[in-house]
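Step one of this worksheet: look at the structure below.
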2 protein chains.
Amino acid sequence: MVQISAAHRPEPRDARDKSLEKKREILDAASRVFRRRGLQATGMRDIAAELGMAVGNLYYYFKDKEELLAFVQEDALAGLLEIAARVRETGLRADARLFRLIEEHVVRINEGTPGSLAHLEVEALGETWRREVQERRDEYERAFRDTIQEGIAAGVFRPVDPKVSALAILGAVNWTVKWFRPDGRKSAREIGREQAELLVRGVLAAGVTLETP
Amino acid sequence: MVQISAAHRPEPRDARDKSLEKKREILDAASRVFRRRGLQATGMRDIAAELGMAVGNLYYYFKDKEELLAFVQEDALAGLLEIAARVRETGLRADARLFRLIEEHVVRINEGTPGSLAHLEVEALGETWRREVQERRDEYERAFRDTIQEGIAAGVFRPVDPKVSALAILGAVNWTVKWFRPDGRKSAREIGREQAELLVRGVLAAGVTLETP
DNA sequence: CATACTTTTGAACGATGGTTCAAATCTCCG
DNA sequence: CGGAGATTTGAACCATCGTTCAAAAGTATG
């Protein structure tokens with residue numbers, strides 16, 4: 001969820017909703033352009049052009065480029081965290097849950113605008129925002145680490161280092177944004193499932209048969 | 001290897017070597033700054049500062065920023081391709097070779113300056129140079145794809161999609177540059193070996209025992 | 001030394017990008 | 001309709017970045 005810093009403290013309800021809605025529009029447009037042109041390469045003017053509005057107007061909704069960037073990243077991470085929560089609720093065995101985490105992650109970041117890949121470049125943020133975003137990212141990584149940890153405890157996974165394994169997995173899936181093409185041979189879901197199979201098998205203990213959801 | 005376009009066509013031997021040596025120095029310095037500040041974020045002035053020289057001097061050795069960038073990337077890829085060739089020569093079984101490819105890749109891009117991570121951002125290059133660099137990168141990716149393919153043919157790997165698997169592996173290992181810290185708990189080699197074990201096991205056929213070099 | 005060359009310098013130029021702001025426009029409610 | 005706020009505009013400002021260039025410094029050779 002996006003945390004709104006009401007710049008103008010408007011009347012109770014209507015105006016506030018209107019403003020929030022507009023912020024959403026801007027975030028979505030920014031996501032779209034980021035994906036198309038790359039994060040660092042897109043300027044405020046590009047984002048404004050995508051919306052058909054004047055540059056200056058962006059600054060009515062966001063303090064500066066960094067704040068806009070941070071919001072986009074938090075937004076993307078919020079979506080992923082929601083997925084993680086849903087997967088956890090299934091109560092499936094660790095391998096099946098890890099499988100799903102991977103599959104859904106690949107689908108999410110590669111199709112549909114709200115996915116966005118922006119959170120992959122935290123370096124672009126200044127000290128203040130970076131911590132904020134990184135905290136969320138750590139939370140998301142923890143979903144992977146915990147699942148791996150639980151799998152080890154349950155004996156379905158080998159005794160790997162949960163941190164290194166989680167980062168290997170996240171690296172593999174995040175990398176897909178660099179080469180996935182919507183008009184390619186395979187869908188995001190197909191690729192997600194293939195990668196899930198590879199990566200989950202990589203941590204599976206000997207003698208255990210993979211449980212795929 | 002770096003392909004030198006002798007800008008000034010100097011006398012036979014000495015001057016040429018001197019110039020080449022200087023180019024090396026610049027490439028190394030550029031690599032260092034890129035790693036520290038990020039690719040897009042570093043300017044010509046930063047690179048010059050790293051060397052303690054004036055900005056303009058860079059343009060005596062490289063036509064423009066793009067050429068410098070392309071050379072850094074080709075340089076990094078050349079190092080990786082050399083590793084790939086050496087691994088192939090070992091004649092080991094496919095799983096052992098893939099293991100080594102992964103291990104050495106992680107070591108190379110994470111320690112020592114000449115490793116560099118610059119080749120991860122091909123988008124920064126213009127049309128002309130991009131093809132040049134991408135061709136080399138494809139060649140490197142082919143080393144992974146071929147090894148996987150051979151493993152499948154030999155029955156040591158499951159029948160995975162070599163392309164998707166290769167990209168998953170490369171994603172996992174390339175991602176290490178985003179989180180590896182030289183002063184962390186584990187060395188680049190340790191991390192490389194752990195990831196190699198995870199990733200190779202991921203493609204291993206049922207019943208085959210991993211052969212680690 | 002003197003000469004011819006390579007190498008280095010740093011100021012300056014033009015373009016671009018983030019940002020500001022006063023004015024114009026829109027939106028609602030009395 | 002009128003006026004008070006919210007929203008939008010776009011020109012202008014300023015810093016930065018890639019790049020150029022004429023001049024200075026260095027280096028080797030006769």
Side-chain angles (χ1 to χ4, degrees), chain A residues 4-27 29-30 33-34 36-72 121 124-126 128-129, chain B residues 4-27 29-30 33-34 37-72 124-126 128-129:
Chain A
I4 300 295
S5 63
H8 285 274
R9 198 113 1 234
E11 308 321 298
R13 187 62 34 71
D14 269 14
R16 207 187 188 92
D17 286 359
K18 213 54 179 278
S19 174
L20 226 162
E21 199 178 306
K22 203 82 196 206
K23 281 200 172 189
R24 272 247 80 77
E25 262 180 66
I26 296 176
L27 290 180
V33 191
F34 285 155
R36 205 179 321 132
R37 291 230 236 291
L39 187 65
Q40 303 270 9
T42 70
M44 289 286 119
R45 285 166 177 83
D46 297 318
I47 298 170
E50 175 83 11
L51 287 153
M53 63 164 56
V55 215
N57 202 14
L58 292 173
Y59 290 85
Y60 183 73
Y61 294 97
F62 299 94
K63 192 175 133 286
D64 52 20
K65 191 190 186 183
E66 200 185 333
E67 186 176 296
L68 173 52
L69 226 72
F71 275 46
V72 169
E121 304 185 37
L125 265 49
T128 22
W129 278 110
Chain B
I4 300 295
S5 63
H8 286 275
R9 198 123 346 241
E11 306 321 299
R13 187 63 35 71
D14 270 15
R16 208 188 186 91
D17 287 1
K18 220 34 181 288
S19 174
L20 226 161
E21 200 177 305
K22 204 80 196 210
K23 281 200 172 189
R24 272 245 81 77
E25 262 180 65
I26 295 176
L27 290 180
V33 191
F34 285 154
R37 288 229 238 291
L39 186 64
Q40 304 269 10
T42 69
M44 291 283 121
R45 284 166 178 81
D46 297 319
I47 298 170
E50 175 83 11
L51 288 152
M53 64 164 55
V55 216
N57 202 14
L58 292 173
Y59 289 85
Y60 183 73
Y61 294 98
F62 299 94
K63 189 174 135 289
D64 53 18
K65 192 190 186 183
E66 202 186 331
E67 185 176 297
L68 174 52
L69 226 72
F71 275 47
V72 169
L125 266 46
T128 20
W129 279 110

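Heavy atoms only: backbone and side chains are in, while hydrogens, waters and symmetry mates are out. Note on naming: letters A, B, ... go to the chains in the order of the sequence lines (proteins, then strands), and numbering restarts at 1 for each one.
In this structure the side chain of B/L27 reaches within 4.5 angstrom of the side chain of B/F62, judged on heavy atoms. Side chains of A/L68 and A/M44 form a contact here, defined as non-hydrogen atoms less than 4.5 Å apart. Looking at heavy atoms from C-beta onward, A/L58 lies in side-chain contact with A/M53 at the 4.5 angstrom threshold. Within the 4.5 Å cutoff, the side chain of B/E25 has heavy atoms near those of the B/K22 side chain.
One finds no side-chain N or O of B/Y60 lying less than 4.0 angstrom from the OP1 or OP2 phosphate oxygen of C/dT8. Checking the phosphate oxygens (OP1, OP2) of D/dT8, a side-chain nitrogen or oxygen of A/K22 falls inside 4.0 Å. Dashed line: the shortest gap from a side-chain N or O of A/Y61 to OP1 or OP2 of D/dT8 is under 4.0 Å.
Rounded to a whole Å, the CE atom of A/M53 is 14 Å from the C1' atom of C/dC26. Atom CG in B/L20 sits roughly 16 Å away from atom C1' in C/dT6 (whole-Å rounding). In this structure, the OH atom of A/Y59 is 17 Å from the P atom of D/dA11, given to the nearest Å. In this structure, the CZ atom of A/F62 is 13 Å from the P atom of D/dT7, given to the nearest Å. A/N57 has its CG atom 14 Å from the P atom of C/dT20, to the nearest Å. D/dC17 atom C1' lies 15 Å from atom CD of B/E66, rounded to whole Å.
Taking CD1 of A/I47 as the start and CZ of A/R45 as the end, the distance is 11.5 Å to the nearest 0.5 Å. A distance of 10.5 Å separates CH2 of B/W129 from CG of B/L69, quoted to the nearest 0.5 Å.
Each of B/D64 and A/L58 lies near DNA chain D, and the nucleotide nearest A/L58 is the one positioned closer to the 5' end.
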- Sugar-phosphate means primed atoms, P, OP1 and OP2; the rest is base. With that split, encode nucleotides 11-17 of chain C 5' to 3' as B, S or - using protein heavy atoms under 4.0 Å. -B----B

